[in-house]
Amino acid sequence: MKIVFATSNPHKLKELNEITSEYGVKDIEFVLPPAGFDPVEDGSTFEENSLIKAREAAKLTGMVALADDSGLCVESLGGMPGIYSARYADTPKARIEKLLGAVEPFENRRAKFVCAMTLVDGSGEVLFADRGECFGSIAHKVAGSGGFGYDPVFLVDGKCGLTMAELSESEKNEVSHRGLALRKVLDHLANSLQNNPQG
């Protein structure tokens with residue numbers, strides 16, 4: 001079963017298919033939407049933006065579509081950058097530098113990665129929605145070469161002071177917000193396929 005994953009980010013697509021394979025789901029493959037996929041993400045929550053993207057992908061393809069909207073929420077910054085994580089500055093490096101500067105005055109560096117996922121059918125009706133959260137804190141400096149986005153400055157709880165970017169791909173997929181949310185989606189899909197094998 002092919003499902004359109006509503007993103008233009010090939011890193012996210014690769015991560016999704018890796019998590020799906022590691023989770024033991026053999027019958028589902030996520031694919032990118034066609035050229036021209038460029039939804040206006042004007043929601044006020046991760047969930048709203050996720051639904052906007054999923055419905056746009058379904059509209060373009062007529063296929064079942066999955067979307068995620070994710071970001072970093074920092075306690076001392078009132079939850080920012082939040083839904084604006086990807087738009088916090090012009091480049092990944094600039095986003096990290098701006099974040100470290102913003103957090104510097106605060107003793108509290110607690111943060112969490114949030115991922116809201118929405119699965120819709122070919123007509124845009126919601127089939128399933130849930131979220132995953134990964135807790136940690138903001139490091140004082142960049143560490144690690146893996147991952148993308150804010151991974152090099154996010155110290156993962158329970159990982160001995162390692163940033164998300166210092167974890168192996170399988171370690172990251174096990175604890176990441178996207179991995180946690182996706183496994184809920186995969187469980188739903190597995191149950192649906194089991195109950196409706198002709199689906």
Side-chain angles (χ1 to χ4, degrees), residues 1-33 46-47 49-50 53-54 57 64-74 81-82 85-86 92-93 95-96 99-100 109-119 127-194:
M1 177 183 185
K2 289 191 176 182
I3 296 174
V4 180
F5 182 48
T7 185
S8 54
N9 186 335
H11 291 292
K12 281 190 179 182
L13 181 73
K14 180 173 178 283
E15 192 172 87
L16 235 68
N17 280 318
E18 283 175 353
I19 295 168
T20 301
S21 176
E22 288 172 6
Y23 201 51
V25 177
K26 310 283 188 203
D27 303 325
I28 294 169
E29 179 189 357
F30 293 100
V31 297
L32 289 174
F46 293 114
E47 282 78 9
N49 283 330
S50 176
K53 288 187 274 191
V64 173
L66 177 68
D68 85 320
D69 195 59
S70 54
L72 178 69
C73 302
V74 182
S85 293
K93 185 173 183 288
R95 288 191 278 276
I96 285 175
L99 175 71
L100 291 179
R109 302 178 75 91
R110 294 294 299 164
K112 65 180 179 180
F113 273 127
V114 174
C115 175
M117 283 196 171
T118 307
L119 184 74
L127 299 172
F128 183 77
D130 213 323
R131 66 156 52 189
E133 296 183 344
C134 177
F135 296 89
S137 58
I138 304 303
H140 288 273
K141 60 182 181 180
V142 170
S145 57
F148 55 94
Y150 298 95
D151 289 356
V153 290
F154 185 82
L155 295 165
V156 185
D157 281 0
K159 290 295 179 182
C160 303
L162 296 177
T163 68
M164 190 75 86
E166 292 178 293
L167 301 181
S168 69
E169 283 298 321
S170 59
E171 284 177 314
K172 177 184 174 180
N173 291 343
E174 187 180 328
V175 300
S176 77
H177 51 309
R178 191 166 292 111
L180 294 170
L182 179 60
R183 283 190 284 276
K184 294 177 183 179
V185 173
L186 293 173
D187 284 342
H188 170 79
L189 285 167
N191 288 334
S192 297
L193 290 171
Q194 190 174 14

Under a 4.5 Å cut-off applied to non-hydrogen side-chain atoms, are [X] and [Y] in contact?
{"X": "F5", "Y": "D68", "result": "yes"}
{"X": "E15", "Y": "L182", "result": "no"}
{"X": "L99", "Y": "P81", "result": "yes"}
{"X": "K53", "Y": "T7", "result": "no"}
{"X": "M164", "Y": "L167", "result": "yes"}

Does any N or O in the side chain of [X] come within less than 3.5 Å of the main-chain N or O of [Y], such that one atom is a donor and the other an acceptor?
{"X": "R183", "Y": "E174", "answer": "yes"}
{"X": "R110", "Y": "V74", "answer": "no"}
{"X": "S21", "Y": "N17", "answer": "no"}
{"X": "K184", "Y": "R131", "answer": "yes"}
{"X": "R109", "Y": "I138", "answer": "yes"}

I need the minimum non-hydrogen distance between [X] and [Y], along with the two atoms involved.
{"X": "E133", "Y": "L180", "value": "O-CD1, 3.2 Å"}
{"X": "S70", "Y": "F46", "value": "C-CE2, 3.6 Å"}
{"X": "A65", "Y": "A54", "value": "CB-O, 3.5 Å"}
{"X": "L100", "Y": "H140", "value": "CD1-O, 4.2 Å"}
{"X": "A6", "Y": "A57", "value": "CB-CB, 3.7 Å"}

Please round to the nearest 0.5 Å and tell me the distance separating atom [atom1] of [X] and atom [atom2] of [Y].
{"X": "L16", "Y": "K14", "atom1": "CG", "atom2": "NZ", "value": "12.0 Å"}
{"X": "E29", "Y": "L13", "atom1": "CD", "atom2": "CG", "value": "8.0 Å"}
{"X": "K12", "Y": "C115", "atom1": "NZ", "atom2": "SG", "value": "7.0 Å"}
{"X": "K159", "Y": "E171", "atom1": "NZ", "atom2": "CD", "value": "5.0 Å"}
{"X": "C134", "Y": "D157", "atom1": "SG", "atom2": "CG", "value": "7.5 Å"}

Apply the side-chain contact (heavy atoms from CB on, under 4.5 Å) test between [X] and each candidate in [options]; give the one that qualifies.
{"X": "L189", "options": "L127, L66, I28", "answer": "I28"}
{"X": "D69", "options": "T118, V114, N49", "answer": "N49"}
{"X": "F113", "options": "V175, L72, V156", "answer": "L72"}

Return a table of donor-acceptor pairs under 3.5 angstrom between the side chains of residues 141-155 and protein atoms on other chains or two or more places apart.
residue : atom : partner : partner atom : Å
Y150    : OH   : S85     : O            : 2.7
D151    : OD2  : F148    : N            : 3.1
D151    : OD2  : K172    : NZ           : 2.5

*What's the verdict on side-chain contact (heavy atoms from CB on, under 4.5 Å) for D130 and V185, showing C-alpha distance, side-chain angles and the deciding distance?*
CA-CA 8 Å; D130 213 323; V185 173; 5.9 Å; no
